[in-house]
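Report on one structure; see the data block that follows.
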Number of protein chains: 2
Amino acid sequence: MKQIRPTESELEILGILWEKGPSTVREVHDILSQTKDAGYTTTLKLMQIMHEKELLQRDTSSKTHVYTAAISQQTTQQQLLNKMIDTVFGGSASQLVMQALGQHKSSEEELDKIRQYLSEMEKQQKKNR
Amino acid sequence: MKQIRPTESELEILGILWEKGPSTVREVHDILSQTKDAGYTTTLKLMQIMHEKELLQRDTSSKTHVYTAAISQQTTQQQLLNKMIDTVFGGSASQLVMQALGQHKSSEEELDKIRQYLSEMEKQQKKNR
DNA sequence: TGGCATTTACGAAAACTATCGTACATTTGA
DNA sequence: TCAAATGTACGATAGTTTTCGTAAATGCCA
């Protein structure tokens, strides 16, 4: 599989596009500048480069270009997770899971989802015996 | 809290030191070069810079210096996780957890640990009502 | 002891990332 | 219509990261 290596800034932009869907530079920049301090042309340039790298697609049919994430959130998540598990968690996924549950205090609802998910996995496993 | 931002290469080195404990440049480099293609002096330089940044400590009492990670694995894990949850998982820790459990196929033993962990959290929660 | 192997120190280049100024094009509305 | 506002293109620069060559120091052992 092709390994993608978005930078920190690129991930911020991807995150916005994943959440908001297709957006203009202006829209992305407005959100970005709430937490970050950079000029408009900086965001523009970043997104243009991301387009060259094929991290973003764009529609240039109207004057104001519209950008879309060209790599899926799921795939990106998985690749970053795998790398993180390997380098920072010594290869143990469960170690990562427990660390994640520990601090970032999840809501009761979230914990329920995880329990459901676990018992679902359990069922599958029995079936495959 | 002081935010640390190890680079990708730095994380690889930290990972080795966390696992192996105090090590020489040679030891780190030998492991690193199994998966990566870089010269010995590159690894040396990296570790020297990491020492300047206070990511590593070193013992220079013998000719061959011995390096140790100066930041804890736990703290680093937590900071990287939090950032990742925010930017890549839209703020949802459970989303990350499920994605992690999904692919990186955990052993039955690992899943058990997680279940135990969850029911432990449950108990705590009831207590606090 | 003297020379080889290993290691550190250091500088510099290469590669990549982030930032912005400026020029030019397009749209809009007074 | 035409000036202001908005957008894109593009080059330049500064900063950071990664890479490595070379020189000097140190240790080992034949």
Side-chain angles (χ1 to χ4, degrees), chain A residues 2-17 20 22-68 71 76 80 83 87-88, chain B residues 2-17 20 22-68 71 76 80 83 87-88:
Chain A
K2 183 170 53 171
Q3 277 296 340
I4 46 182
R5 305 194 353 100
T7 67
E8 200 47 39
S9 301
E10 287 172 346
L11 275 181
E12 287 173 359
I13 290 174
L14 282 170
I16 291 171
L17 290 176
K20 297 285 177 191
S23 308
T24 63
V25 174
R26 172 65 56 195
E27 289 165 338
V28 171
H29 176 69
D30 283 351
I31 294 176
L32 215 49
S33 56
Q34 288 170 14
T35 56
K36 201 181 170 178
D37 186 13
Y40 173 83
T41 50
T42 300
T43 305
L44 170 67
K45 182 71 168 187
L46 271 176
M47 291 176 72
Q48 285 173 340
I49 291 174
M50 289 172 77
H51 176 244
E52 273 172 32
K53 292 188 188 173
E54 300 191 316
L55 291 174
L56 302 185
Q57 295 182 307
R58 72 173 168 184
D59 175 354
T60 58
S61 59
S62 64
K63 176 197 165 184
T64 305
H65 301 175
V66 176
Y67 289 79
T68 317
I71 59 180
T76 308
L80 294 180
K83 189 188 302 174
T87 62
V88 187
Chain B
K2 183 170 56 173
Q3 276 297 338
I4 47 182
R5 304 194 354 98
T7 67
E8 200 45 42
S9 301
E10 288 173 345
L11 274 182
E12 286 173 359
I13 290 174
L14 282 170
I16 291 171
L17 290 176
K20 298 284 177 194
S23 309
T24 64
V25 174
R26 171 65 55 194
E27 290 166 337
V28 170
H29 177 68
D30 283 352
I31 294 176
L32 215 50
S33 58
Q34 288 170 15
T35 56
K36 202 183 170 177
D37 186 12
Y40 173 83
T41 48
T42 301
T43 305
L44 171 66
K45 182 72 170 185
L46 270 176
M47 291 176 71
Q48 286 173 340
I49 290 174
M50 288 172 77
H51 175 244
E52 273 171 32
K53 292 187 188 173
E54 301 192 314
L55 290 174
L56 303 185
Q57 295 181 309
R58 70 174 170 184
D59 174 354
T60 59
S61 58
S62 63
K63 176 198 166 185
T64 305
H65 301 177
V66 176
Y67 289 79
T68 316
I71 60 179
T76 309
L80 294 179
K83 190 189 299 173
T87 62
V88 187

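So you know, we letter chains A, B, ... as the sequences are listed, proteins then strands, and number each from 1.
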What is the separation between atom [atom1] on [X] and atom [atom2] on [N], rounded to the nearest whole Å?
| X | N | atom1 | atom2 | answer |
| --- | --- | --- | --- | --- |
| A:M50 | C:dT19 | CE | P | 13 Å |
| A:L46 | D:dC10 | CG | P | 17 Å |
| A:H65 | D:dC10 | NE2 | C1' | 14 Å |
| A:M47 | C:dC20 | CE | C1' | 17 Å |
| A:I49 | D:dG11 | CD1 | C1' | 12 Å |
| B:K45 | C:dA9 | NZ | P | 10 Å |
| B:Y67 | C:dT7 | OH | C1' | 10 Å |
| A:R5 | D:dT17 | CZ | P | 13 Å |

> Donor-acceptor pair under 3.5 Å: do we get one between B:K63's side chain and the base of C:dT6?
Replying inline: yes

> Considering residues, nucleotides and ligands other than B:K20, do more than 12 of their heavy atoms fall under 6.0 Å from its NZ?
Replying inline: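 No - once you tally the heavy atoms of other residues, nucleotides and ligands closer than 6.0 Å, there are 12 at most.
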
> Looking at A:R26, does any N or O in its side chain come under 4.0 Å of the phosphate oxygens OP1/OP2 on D:dG7?
Replying inline: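 For D:dG7, OP1 or OP2 has a side-chain N or O of A:R26 closer than 4.0 Å.
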
>> Can you see if the side chain of B:Q48 gets near the phosphate of C:dA9 - specifically, an N or O under 4.0 Å from OP1 or OP2?
In response: yes

> Is the closest side-chain heavy-atom distance between B:H51 and B:Q48 below 4.5 Å?
Replying inline: no

Counting any heavy atom closer than 4.0 Å, what does [X] reach on the DNA or RNA strands: base, sugar-phosphate only, or nothing?
| X | answer |
| --- | --- |
| A:T42 | base |
| B:R58 | sugar-phosphate |
| A:E10 | nothing |
| B:T41 | base |

> Stepwise, does the side chain to side chain contact (heavy atoms under 4.5 Å, CB included) test hold for A:R58 with A:M47?
Replying inline: CA-CA 10 Å; A:R58 72 173 168 184; A:M47 291 176 72; over 6 Å; no

> Pick the nucleotide of DNA chain C nearest each of B:T64 and A:Y40; which residue has the one closer to the 5' end?
Replying inline: B:T64

>> One thing to verify: whether B:R5 and A:E8 come together as a salt bridge, which I'm taking to mean a side-chain N less than 4.0 angstrom from a carboxylate O.
In response: no

> Closer to the 5' end of DNA chain D via nearest nucleotide, is it B:T7 or B:S62?
Replying inline: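 First, find each residue's nearest nucleotide; the 5'-ward one identifies B:T7.
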
> Can you tell which of B:E10, B:H65, B:M50 makes a side-chain contact (heavy atoms from CB on, under 4.5 Å) with B:L56?
Replying inline: B:M50

